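This is a predicted model, so every value here is computed, not measured. Letters go in sequence order (proteins before strands), and every chain restarts at 1. Values reported hereafter were calculated over all heavy atoms of this structure, with side chains retained and with hydrogens, waters and symmetry mates removed.
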Amino acid sequence: MNPQSGVRPESGATPGPAAPESTVDELMSVQGIKVHFPIKRGLLLDRTVGHVYAVDGVDLGVRRGETYGLVGESGCGKSTLGRAILRLTEPTAGRVVFDGTDLSTLKGESLRTMRRRMQMVFQDPMSSLDPRQSVESILVEGLRAHDLDKGKESTGKRLRELLTAVGLASTSLRKYPHEFSGGQRQRIGIARALTVEPDLIIADEPVSALDVSVQAQVVNLLEELQDQFGLTYLVIAHDLAVVRHISDRVGVMYLGGLVEEASSDDLYAEPLHPYTRALLSAIPVPDPLVEDRRERILLKGDLPSPANPPTGCRFHTRCPWKQETKCSTERPELREVLPGHRVACHWAEDIRAGRIRPHEVEAVLVEEDGISPDIPLVGPASVTEALNP
Amino acid sequence: MALLEVRDLTVVFERKGEQPFTAVDHVSFEVEPGQTVGLVGESGCGKSVTSLAIMGLLPKRGARVSGTVGYEGTNLLSLSDREMRDRRGRDLGMVFQDPLSSLNPVVPIGVQVTEVLERHRDMSRKKAMVEAADLLDKVGIPDPTRRLSEYPHQLSGGMRQRALIAIALACRPRLLIADEPTTALDVTIQAQILALLKELVRDMGTALVMITHDLGVVAGLCDEVNVLYAGRVVEKAERHELFAAPRHPYTHGLLSSIPRLDAPRGQKLSPIKGSVADNIPWDHGCAFAPRCPNALDVCVQVTPAQEDIGGGRLLRCHNPVRPPVVEEVSA
């Protein structure tokens, strides 16, 4: 997408920059999407004193029938991106193309119709299910909204089929969410997403609220349903082991941007971005033999505030491979370094070849407040001052 | 002699008009100086209640604690509130899961650290402040002197957890209980905190009780692991042995239900069926029996006893998983 000048070793297998991904059947693609939330200050005059750059220019494509995993730590913008794709949060800039239609041009009825084809599964099944609605009413709601409720009998049959598909007893229809365990509630959430026969399901941390033994049940269920109904998934999660297990391709986010994207196997076999390397090395493996041998790349300090992101490469403040030039001044573009493996790092090839060695990084203070000190806070000091200028 | 010796620790919660609930049921374990012992289990298995009982932090009303908690020969459960207060923070340190709710939001970090030093080490405020800055520095908080005057909300999650560890370490306790110290944190920050804990155990000989649900954390940190299920220790083993050959079906199930980063892809996970809601009470058999793939008729009739199966391993199961056949590797 971003034709890069200069030599790109080992990218001979890829087609020319003119027609990069048009050949693959993409169900959904995101182009240059940005979501900036204004930071407001003041009692009467809503002054915007800065922005939280939650998502700051992301390009990605999800192919039909695949599972795309989006990983990153808290605050990297992965959930906001998921919501922006469905336009649950209005993007500040950029386009979302779903099956050939640009969603940003849609409004009202046409957007509502389109939404039938894109459903969401949320993290916390307790707070995303209405405690006062029975399971039947939760499931029927979507059908009614999209005019798919074709009479008591057929709807009843459909609901029972759905419950069987997600592994719940058909007697569950008359029960309420509190009567179920966490895992079962998540199954209801999944069934709700399936009622309207969507093509794409965006699952935001679908298993992180569940106990380990139950997590596996839900992960397996998601995989089975994908085969059964030919679904396309965008799975957003922080647990890289789960994401690797479930995804065909994985995108890694850091501070509002995609830093690396590759097939699940490639990414884990050979992470190219320094952040991905550190992230992978930090994940504990339940095997003492592996744990004793592994070398960890310990990142110093914390994630910088998305309201005041570092210049240049967002990761340069914590990067053990940071170089004197480029890193702090130029924002690296996501470019194809190996076939199907995109990385946003100026030095990806050199790091890969071992020409650049990691070095110590000093931890820097991170301001929780995060408002850029460059913006002067002028204005009325109090309500009285505002009222009597 | 072990530094901490927990024997038959039992916690029963009683409420008027309701059946008493046994959260912790005859749990026993020991911790030596410089050793890390893990208590592992899923939510509701009693691991946190165990830690609160050791620290004497359970409410006097409603919770009936029995058994013994021996610390250097003294039974902590027999101490008065006043005596216990003298020990908490000085001999026993504790790190809680959620740093935001365990730090006082309206008191600067510095005061919360020096409080312990003034109370237990009779330091002046001035001297304590210097020591506090030193402590924050030790746990890896940049610019510690400035941080002392800040409030918890001004620190990030990882920094707050570090501050909490600094408070727990202020009096150099010989025993540290960490209850899910990294669960609220991101993996890269988790790695930093775990490295810090490891260093403490290695360099200062602190005895560490690590309470967690994450088997990955256990694999890298604990010397000995106790797997809890429904309030009882179902399996106890040295970590290498536990991971190489889990014998209890629950431990086995847990290990095969988590996806591993280093395993080949495309394998289905084998989850444990059902949920803790299916448990039966321990006095009618094995609590895990309804979910257990190995369950026999005896499992729902007779409570399995804890048996010593050799090599320092304890097991509570009628029909354990067979140990894998070890192939001889010619060196």
*asked:* With a 4.5 angstrom heavy-atom cut-off, is it the side chain or the backbone of A:Ser247 that approaches chain B, or both, or neither?
replied: backbone

*Report the option among B:Val187, B:Leu221, B:Thr188, B:Ile272 that has the most heavy-atom pairs separated by less than 4.5 Å from atoms of chain A.*
B:Thr188

*What part of A:Leu280 is in contact with chain B, defined as an atom under 4.5 angstrom from a non-hydrogen atom: side chain, backbone, both or neither?*
both

*Residue A:Val285 versus chain B: region with a heavy atom under 4.5 Å*: both

_Top of A:Ala278, A:Ser281, A:Ala269, A:Ser264 for chain B proximity - count of heavy-atom pairs under 4.5 angstrom_ = A:Ser264

*What part of A:Leu298 lies closer than 4.5 angstrom to a heavy atom of chain B: side chain, backbone, both or neither?*
side chain

*Check whether any side-chain heavy atom of A:Glu223 lies under 4.5 Å from a side-chain heavy atom of B:Lys268, and answer yes or no.*
yes

_So for A:Ser74, is it side chain, backbone, both, or neither that comes closer than 4.5 Å to the heavy atoms of chain B?_
both

*Relative to chain B, which segment of A:Val243 carries a heavy atom at a distance below 4.5 Å: side chain, backbone, both, or neither?*
neither

*asked:* For the interface with chain A, which of B:Val276, B:Leu261, B:Leu215 has the highest count of heavy-atom pairs at distances below 4.5 Å?
replied: B:Leu261

*What distance separates A:Ile283 CD1 from B:Gln190 CD, expressed to the nearest 0.5 Å?*
9.5 Å

*Taking all non-hydrogen atoms of both residues into account, name the closest pair between A:Ser213 and B:Arg291 and its distance.*
OG-NH2, 3.0 Å

*4.5 Å side-chain heavy-atom contact, B:Pro271 and A:Val214*: no

_I need the minimum non-hydrogen distance between A:Val212 and B:Glu42, along with the two atoms involved._
N-OE2, 3.4 Å

*Do you know which of A:Leu240, A:Asp265, A:Ile246, A:Ile297 has the most heavy-atom pairs under 4.5 Å to chain B?*
A:Asp265

*Test item: A:Asn220 side-chain N/O and B:Leu269 main-chain N/O as donor-acceptor pair under 3.5 Å*: yes

*Does some side-chain heavy atom of B:Ile258 sit less than 4.5 Å from a side-chain heavy atom of A:Pro286?*
yes

*Return the minimal non-hydrogen interatomic distance between B:Val217 and A:Pro284, and the atom names on each side.*
N-CB, 3.6 Å

*Find the one option among A:Arg244, A:Gln184, A:Gln217, A:Glu291 whose heavy-atom pairs under 4.5 Å with chain B are most numerous.*
A:Arg244

*Do you know which of B:Gly44, B:Cys222, B:Ala277, B:Gly274 has the most heavy-atom pairs under 4.5 Å to chain A?*
B:Gly274

_I'd like to know if the side chain of B:Ser257 pairs up with that of A:Gln215 as donor and acceptor (distance under 3.5 Å, no hydrogens or angles considered)._
no

*asked:* Counting only non-hydrogen atoms closer than 4.5 Å, does A:Arg296 touch chain B with its backbone (N, CA, C, O), its side chain (CB onward), both, or neither?
replied: side chain

*Could A:Asp287 and B:Arg239 be called an ion pair, given the rule that one side-chain N must be under 4.0 Å from one carboxylate O?*
no

